[in-house]
Protein chains: 2
Amino acid sequence: MREWSFKRNDHIPPIGRKVRNNMTNQQEDGIWLHCSNSAVRRASRRLGQLYGHVMGDSDLKSTQFSLMSQIARSGEPTLKNLAEAMVMDLSALGHTLKPLIRDGMVELVPDERDRRVKRVRLTEAGTAKQQELLTLWRDAQSRFDQAFGKEKSAELRKALALISSAEFAEAFTKS
Amino acid sequence: MREWSFKRNDHIPPIGRKVRNNMTNQQEDGIWLHCSNSAVRRASRRLGQLYGHVMGDSDLKSTQFSLMSQIARSGEPTLKNLAEAMVMDLSALGHTLKPLIRDGMVELVPDERDRRVKRVRLTEAGTAKQQELLTLWRDAQSRFDQAFGKEKSAELRKALALISSAEFAEAFTKS
DNA sequence: TTTATTTACTGGTATATACCACAAAATATG
DNA sequence: CATATTTTGTGGTATATACCAGTAAATAAA
């Protein structure tokens, strides 16, 4: 057996200070308690895993389900608008759509008035699949609400929507 | 000019209901207001971009900076422990480390007592680089605190740490 | 109307991240 | 001790995502 040092969260060492920390448990101090970016990414990994497991062996990843749900919700958005809504780089969106297009879940249709523009649309199969997975998604979301608190859950989403907004980006950048 | 429908957030349509929404602005209703997973991912994309721009042309991505900061903070964690701390899949961590190892920022050292185990360590160059970027990180983090509120910022990180915890995963899964 | 600029998308390249199957070492079991 | 099981990593494959450098269409400017 190795000699373990014990948790001591009383004096929080500054970022990047070496502590020779061999602790196994999760409660230890970490960068995510100091860096909002790290904190959000870390949580997104956890939720990706959690929601993903609920989605299970369905053909779609939780990210794909999100994207398709947003497409359905938007009607028939242009790539540009969809990218903005998802806070995603336009080219990243293009790449992300490829597997969905390949699998016949989504199709791109040229806009009639502006030949530069392409609109994103769920195929019939895509719509059906999205509807089908709604049940699983609801299970995941209700588990989340249960574990985190329905109230706090809604508040959190609102806070995150604020952070994701263009106005926030503006404020962050200009200051 | 196209005919635009106008924003109406008064009646929030359920997920996956088609609305034929051509709105350009960000305030529109979206999946992220209903799905915590989507909300967190979306925010993580935004923050990735924002922090990333502050990091600018430095050799490290903001994700790499986070990871290196956690390594520094942990002392000399095993791959397993680091993966757990980061809430990252072990193999994903391995892959993520490759560019850092290639660039001489990080090295893997075999554990002396358990030949299965490898420990992660910042090289001298890595430590220096991490220290150097601390300034940029501090700028980004203080911009965030400014824009979101220092209080709320700390609360948010705590909430996200809870969501990222093993206990939360437990609660989510068992329920 | 010709030219310059902006807009919307595509493709390349690199990192981020997950899951699965496999290998090797350590540990538990009979 | 010999075998079964668990633990820790590695490599493959696929999606997620960013940034940059084009390209073509639309629009603004001269």
Side-chain angles (χ1 to χ4, degrees), chain A residues 1-2 24 37-38 41-42 44-53 55-57 59-68 77-84 86-103 105 108-120, chain B residues 1-2 24 37-38 41-42 44-53 55-57 59-68 77-84 86-103 105 108-120:
Chain A
M1 182 173 347
R2 263 197 302 272
T24 303
N37 183 32
S38 304
R41 284 191 87 77
R42 186 160 170 267
S44 94
R45 286 191 292 267
R46 176 68 81 189
L47 289 188
Q49 293 162 19
L50 259 24
Y51 277 65
H53 289 153
M55 292 309 210
D57 293 330
D59 303 325
L60 298 182
K61 314 275 179 166
S62 73
T63 46
Q64 299 178 314
F65 175 76
S66 292
L67 185 51
M68 288 175 63
T78 68
L79 281 171
K80 182 89 196 311
N81 285 173
L82 183 57
E84 269 165 16
M86 298 293 291
V87 187
M88 207 179 274
D89 181 90
L90 177 59
S91 78
L93 174 61
H95 292 145
T96 299
L97 284 173
K98 268 172 205 159
L100 290 171
I101 294 172
R102 177 200 60 201
D103 297 343
M105 299 286 103
L108 297 183
V109 295
D111 185 275
E112 291 161 18
R113 306 168 221 242
D114 189 333
R115 276 181 303 170
R116 290 170 303 179
V117 169
K118 288 184 184 170
R119 288 178 177 276
V120 191
Chain B
M1 170 153 19
R2 258 191 312 267
T24 303
N37 183 33
S38 304
R41 282 192 89 75
R42 187 160 170 266
S44 95
R45 284 191 293 267
R46 177 68 80 191
L47 289 189
Q49 293 163 19
L50 260 23
Y51 278 65
H53 290 153
M55 293 308 211
D57 294 330
D59 303 324
L60 297 182
K61 313 276 179 168
S62 72
T63 45
Q64 299 178 314
F65 175 76
S66 292
L67 185 51
M68 287 174 64
T78 68
L79 282 171
K80 181 87 196 313
N81 285 172
L82 183 58
E84 270 164 14
M86 298 294 289
V87 186
M88 208 179 273
D89 181 272
L90 178 59
S91 77
L93 174 61
H95 291 144
T96 300
L97 284 173
K98 267 171 206 160
L100 289 171
I101 293 173
R102 176 202 59 202
D103 297 342
M105 300 285 103
L108 297 184
V109 295
D111 185 275
E112 290 163 18
R113 307 170 220 240
D114 188 335
R115 277 182 301 170
R116 290 170 303 180
V117 170
K118 288 184 184 170
R119 289 178 176 275
V120 190

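By convention in this document, chain letters (A, B, ...) are assigned in the order of the sequence lines, proteins followed by strands, and residues within each chain are numbered from 1.
Across the protein-nucleic acid pair, A:Leu79 atom CG and C:dT7 atom C1' stand 13 Å apart, rounded to whole Å. Whole-Å rounding puts the B:Leu82 CG to D:dG9 P distance at 10 Å. Whole-Å rounding puts the A:Arg113 CZ to C:dT7 C1' distance at 18 Å. Distance, A:Asp114 CG to C:dT7 P: 12 Å, rounded to whole Å. Taking atom CZ on B:Arg116 and atom P on C:dA25, their separation rounds to 10 Å, with Å as the unit. C:dT10 atom P lies 15 Å from atom CZ of A:Arg115, rounded to whole Å. In this entry the distance linking CG of A:Asn81 with C1' of C:dT7 reads 12 Å, nearest Å.
Applying the side chain to side chain donor-acceptor pair (under 3.5 Å) test to A:Ser66 and every residue at least two apart in sequence or in another chain returns B:Ser38. Remark: B:Arg116 engages B:Asp114 in a side chain to side chain donor-acceptor pair (under 3.5 Å) (not counting sequence neighbours). With sequence neighbours left out, B:Asp103 forms a side chain to side chain donor-acceptor pair (under 3.5 Å) with no residue at all. Not counting sequence neighbours, A:Asp89 has no partner by the salt bridge (Lys or Arg N to Asp or Glu O under 4.0 Å) test. Not counting sequence neighbours, the partners of B:Lys80 by the side chain to side chain donor-acceptor pair (under 3.5 Å) test are B:Glu84.
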Expected string for nucleotides 11-23 of chain C under the B/S/- scheme (protein heavy atoms, under 4.0 Å, primed atoms plus P, OP1, OP2 as sugar-phosphate) is BBB-SSBBBB---
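OP1 or OP2 of C:dA8 sits under 4.0 Å from a side-chain N or O of A:Lys80.
With B:Arg46 contributing its side chain and A:Val87 its backbone, the two residues share no donor-acceptor pair below 3.5 Å.
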